There are 2 protein chains.
Amino acid sequence: MKTSTAVPDLSARCREKGLALTAQRSAVLGELAGRLDHPTADQVYEAVSPKVPGLSRTTVYRVLDTMAKAGVIGVVGSLGAAMRFDPTTGRHHHLMCVECHKVVDFEDPKLDALKVPTGTGFEIGDYSVQFKGTCPECRKKSGGNRRN
Amino acid sequence: MKTSTAVPDLSARCREKGLALTAQRSAVLGELAGRLDHPTADQVYEAVSPKVPGLSRTTVYRVLDTMAKAGVIGVVGSLGAAMRFDPTTGRHHHLMCVECHKVVDFEDPKLDALKVPTGTGFEIGDYSVQFKGTCPECRKKSGGNRRN
DNA sequence: TTGTATGCAAAAGGTTTGCAATGAT
DNA sequence: ATCATTGCAAACCTTTTGCATACAA
């Protein structure tokens, strides 16, 4: 039988990316690797802080940001900080620009008919597919990072 | 031919939900209905403010929140304010609790093979499916709204 | 040694709240 | 008349930044 996803060795990945492995980074990555939930930066800080005397909240934010940008870890959602509103309430999907955070609707009947998971304990109301990439404008000005 | 989604009459929906239709609400909903992007609360405020003298930023936040909770409008992403991190970097999907914002991984090979949209101008890197619902814990304590 | 990473403190968003006044039904 | 909604100011939470110090390679 195939066990569920093994705990990833994030510290190793960190090294592979050529990033220095400090005590703080090791602790933050070690904490994240062992968690099934998807903690916020503050939750990571609260968990790691007791184990690393003097650890700064700022450092946790910076480590998580650095690791996410290097692809060592992932982020859930990946919109900017601000909440975005949508006049459409029906099922539809989104193209999201990872550069400028632009969000564009995408409709596709095929995607509207996915099988909703059962036996998870969750009562699923709806779903949507998020396609993450780079929008036309940001592709042009390659280094474009104006926020939208 | 079928034209793309028509501009929704959000004010009508507001009435249907039994919510008072004030000048401010009407202006906010009117603005949102006409936009294809997915504006932040602040962007809505900037757009509506000139048309409604004395309009408060607070009110815009409150109107959007109220309407979203009533189902008159939608929100993109629907996580809480805080960013969440994930040790997993490969393609996988999420069950998200709309009550407590808990996020649980969900893996399904079928969902890993969706057709990525083309001809959108976007350069798509990856995607994930977000299933939104209520988690087992929040279902029990029906009114449960502790944040996770 | 040399550049990167950390800590502190302070600032910068983004959003929420208490309370009195205003307004919709 | 009555309760919901608004505006203001202030608080709150999350995240980012400047700068001097400490540390990994």
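Every chain is numbered from 1 and lettered A, B, ... according to where its sequence line falls, protein lines coming before strand lines. Every heavy atom of this structure was used, including side-chain atoms; hydrogens, water molecules and symmetry mates were not. Note that the structure is predicted; figures quoted are calculated from it, not measured.
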Nearest-neighbour nucleotide for the B:Ala41 side chain, D:dT15, C:dT15, D:dT6 considered: C:dT15
Same apolar cluster: A:Val75 and A:Leu32, side chain cutoff 4.5 Å: yes
Under 3.5 Å donor-acceptor, B:Glu31 side chain and B:Val28 backbone: no
Nucleotide D:dT15, atom P - distance to CD of A:Gln43 in whole Å: 10 Å
Between D:dT5 (C1') and B:Leu29 (CG): distance, integer Å: 14 Å
Interatomic distance, A:Met67 CE vs C:dA5 C1' [rounded to whole Å]: 10 Å
Under-4.0 Å salt bridge between B:Glu99 and B:Arg139: no
Could you go through residues 89-96 of chain A and list every donor-acceptor pair under 3.5 Å that involves a side-chain atom there, pairing it with any protein atom two or more places apart or in another chain?
residue: A:Thr89; atom: OG1; partner: B:Arg13; partner atom: NH1; Å: 3.3
residue: A:Arg91; atom: NE; partner: A:Asp126; partner atom: OD1; Å: 2.6
residue: A:Arg91; atom: NH1; partner: A:Asp112; partner atom: O; Å: 2.9
residue: A:Arg91; atom: NH1; partner: A:Tyr127; partner atom: OH; Å: 3.3
residue: A:Arg91; atom: NH2; partner: A:Asp126; partner atom: OD1; Å: 2.8
residue: A:His92; atom: ND1; partner: A:Gly90; partner atom: O; Å: 2.8
residue: A:His92; atom: NE2; partner: A:Asp86; partner atom: OD2; Å: 2.7
residue: A:His92; atom: NE2; partner: A:His94; partner atom: NE2; Å: 3.2
residue: A:His92; atom: NE2; partner: A:Asp105; partner atom: OD1; Å: 3.4
residue: A:His93; atom: ND1; partner: A:Val129; partner atom: N; Å: 2.9
residue: A:His93; atom: NE2; partner: A:Asp112; partner atom: OD1; Å: 2.8
residue: A:His94; atom: NE2; partner: A:Asp86; partner atom: OD2; Å: 3.3
residue: A:His94; atom: NE2; partner: A:Asp105; partner atom: OD1; Å: 3.3

N or O in side chain of B:Thr59 less than 4.0 angstrom from D:dG7 OP1/OP2: yes
Spacing between A:Asp65 atom CG and D:dT14 atom C1', to the nearest angstrom: 13 Å
Side-chain donor or acceptor of B:Arg84 paired with backbone N/O of B:Lys102 under 3.5 Å: no
Atom-pair distance (NZ on B:Lys69; C1' on C:dT15), nearest Å: 11 Å
Short side-chain N/O contact to D:dC23 OP1/OP2 from A:Gln24, under 4.0 Å: no
Rounded distance in Å - CG (A:Leu64) to C1' (C:dA5): 14 Å
Side-chain touch A:Pro117/A:Phe122, heavy atoms, less than 4.5 angstrom: no
Spacing between A:Tyr45 atom OH and C:dC8 atom C1', to the nearest angstrom: 12 Å
Within 6.0 Å of CG in A:Leu21, more than 12 heavy atoms from elsewhere: yes
B:Leu29 versus B:Leu10, closest heavy-atom pair with distance: O-CD1, 3.5 Å
Whole-Å distance separating the CE atom of B:Met83 from the C1' atom of C:dG14: 13 Å
Five-pair end axes of the helix from C:dT1-D:dA25 to C:dT25-D:dA1 and the angle they enclose, rounded to 10°: 50°
5' priority, DNA chain C, between A:Arg57 and B:Tyr61 [closest heavy atom]: A:Arg57
Under 4.0 Å protein heavy-atom contact, by nucleotide of nucleotides 17-25 of chain C - B base, S sugar-phosphate only: BB------S
Flag, side chain of B:Arg15 to backbone of B:Ala20, donor-acceptor distance under 3.5 Å: no
